[in-house]
Number of protein chains: 2
Amino acid sequence: MLTLYDDAISGNGYKARLLLHQLDRPYELIELDILKAETRTPEFLAINPNGRIPTLKLDDGRCLSESNAILFYLAEGSAYLPSDPFERAKALQWMFFEQYSHEPFIATSRFLRLHREQTPDVLVDLERRRSGGEAALEVMQQHLETHEFFVANSYSIADIALFAYTQVAGEGGFDVAPYPAIVAWLDRVRAQPRFVAMG
Amino acid sequence: MLTLYDDAISGNGYKARLLLHQLDRPYELIELDILKAETRTPEFLAINPNGRIPTLKLDDGRCLSESNAILFYLAEGSAYLPSDPFERAKALQWMFFEQYSHEPFIATSRFLRLHREQTPDVLVDLERRRSGGEAALEVMQQHLETHEFFVANSYSIADIALFAYTQVAGEGGFDVAPYPAIVAWLDRVRAQPRFVAMG
């Protein structure tokens with residue numbers, strides 16, 4: 001059976017949990033507490049030297065980390081990843097966009113607001129992340145004004161990757177109401193078969 | 001023919017240029033100057049709404065951005081991307097590591113040092129990026145102490161992705177001399193057939 005190392009507060013972990021549920025793949029969940037540095041123990045660093053969840057362990061003991069690499073691996077051969085090479089690369093394009101241009105602003109702001117004391121330094125850090133988060137939402141809004149989903153007009157791992165933290169953007173201080181195409185897309189994702197909510 | 005929108009100062013663009021050369025794929029190069037905001041013109045935003053190079057345009061006009069998605073697309077079916085699904089996912093794992101845990105520290109520090117006035121704010125920003133860059137180099141060093149390359153013991157797009165900015169880490173203020181396995185790996189990459197240097 002698959003084993004998923006995860007923390008319930010993580011949207012990156014939720015990506016894997018959502019896809020595993022939608023694929024009806026059973027797995028053992030091992031919960032680690034990021035806030036208690038349980039991802040920095042020698043035991044876990046042997047599993048992922050980068051010290052981050054989610055990490056997936058296969059039956060044979062091999063381990064895979066990085067949420068979007070896990071999504072790609074699990075979705076191979078399913079309806080959640082297009083088979084056309086260009087469409088697959090477009091899914092990756094949006095997933096790299098998510099990790100570089102979205103997550104460090106929106107997800108990190110959420111983490112700082114929910115799990116850190118709001119010291120002057122933290123408030124400065126949050127302010128510095130504002131324009132990047134807004135730019136990411138603008139790019140998503142523009143795409144979704146003319147597309148139902150991010151790739152090939154069907155729900156895929158690119159949507160899962162971007163849904164994870166966009167659905168809780170408000171907790172990071174980013175109101176999605178001014179982005180109506182994003183609001184409608186969030187509802188389309190929630191309406192997918194076997195959808196499960198985060199947390 | 002393929003068209004690559006790129007700026008010679010970009011290590012992300014170099015990834016695509018190196019692989020295109022190693023694959024012996026001809027392409028037209030359209031150079032844009034990041035420092036003059038030529039990636040933020042209406043014309044280029046129509047090609048990549050996220051306003052970043054590199055972006056690849058296919059014969060039929062379809063466009064693909066995000067350097068590592070471009071690598072994955074170009075390498076499909078070649079020796080530069082393993083065919084085994086788990087190994088492919090491991091290549092992606094390292095490429096997501098590169099974009100999330102390496103590039104924002106090492107590449108951005110290089111950009112700030114080479115292309116921005118060294119104001120007090122910039123110096124604070126550089127200092128803030130130091131520990132992340134060192135952590136990324138530690139993870140690479142640890143892996144390379146027991147592996148010749150990042151995935152499947154052969155040179156792949158995971159190596160190209162990580163080589164691009166590690167080779168110029170010194171320009172970002174990160175000395176790689178204390179990481180001998182990285183130094184040896186850099187030489188192994190430079191010794192690959194049809195290798196071309198950056199810039």
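Here is how names work: the chains are called A, B, and so on, in the same order as the sequence lines, proteins then strands, and each is numbered from 1.
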Top of [options] for chain A proximity - count of heavy-atom pairs under 4.5 angstrom:
options	value
B/V139, B/N68, B/L45	B/N68
B/H143, B/K90, B/Q142, B/E76	B/K90
B/C63, B/G77, B/A91	B/C63
B/M95, B/E138, B/R128	B/R128

query = What are the two closest non-hydrogen atoms of A/A89 and B/A69, and how far apart are they?
reply =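 Scanning both residues, the minimum pair turns out to be O-CB, 3.7 Å.
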
Heavy-atom distance under 4.5 Å to chain A: side chain of [X], backbone, both or neither?
X	value
B/Q93	both
B/S65	both
B/Q99	both

Are [X] and [Y] in one and the same hydrophobic cluster, where Ile, Leu, Val, Met, Phe, Trp and Tyr link if side-chain heavy atoms are under 4.5 Å apart?
X	Y	result
A/Y179	A/L162	yes
A/I53	A/Y165	no
B/L2	B/L29	yes
B/L64	B/I160	yes
B/L114	B/V122	no

Just so I know, are the side chains of [X] and [Y] near enough to count as touching, which here means a heavy-atom distance under 4.5 Å?
X	Y	answer
B/R52	A/Y100	yes
A/E66	B/L92	no
A/Y73	B/R88	no

key: A/R188, CZ atom: more than 12 neighbouring heavy atoms under 6.0 Å   =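 Atom CZ in A/R188 is packed in, count exceeds 12.
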
inquiry  = Does atom CD (B/E117) have a neighbourhood of more than 12 heavy atoms from anything else shown, all under 6.0 Å?
reply    =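 Atom CD in B/E117 is not packed in, count stays at 12 or less.
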
Interface moiety of A/I70 toward chain B, non-hydrogen atoms closer than 4.5 Å =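 A/I70 has no heavy atom closer than 4.5 Å to chain B.
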
query = How far apart are the C-alpha atoms of A/F72 and B/F72, what are their side-chain angles, what is the distance that settles it, and do they pass the ring-ring contact (aromatic ring centres under 6.0 Å, His included) test?
reply = CA-CA 12 Å; A/F72 194 93; B/F72 194 93; 5.4 Å; yes

ask   = Where along residues 3-16 of chain B does a heavy atom come under 4.5 Å of chain A, listed by residue number?
value =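 Near chain A, by residue number: none.
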
message = Tell me whether A/R62 forms a cation-pi arrangement with B/F86, defined as NZ or CZ under 6.0 Å from the six-membered ring centre and within 45 degrees of its axis.
response =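 Yes; both conditions hold, so A/R62 lies above the ring face of B/F86.
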
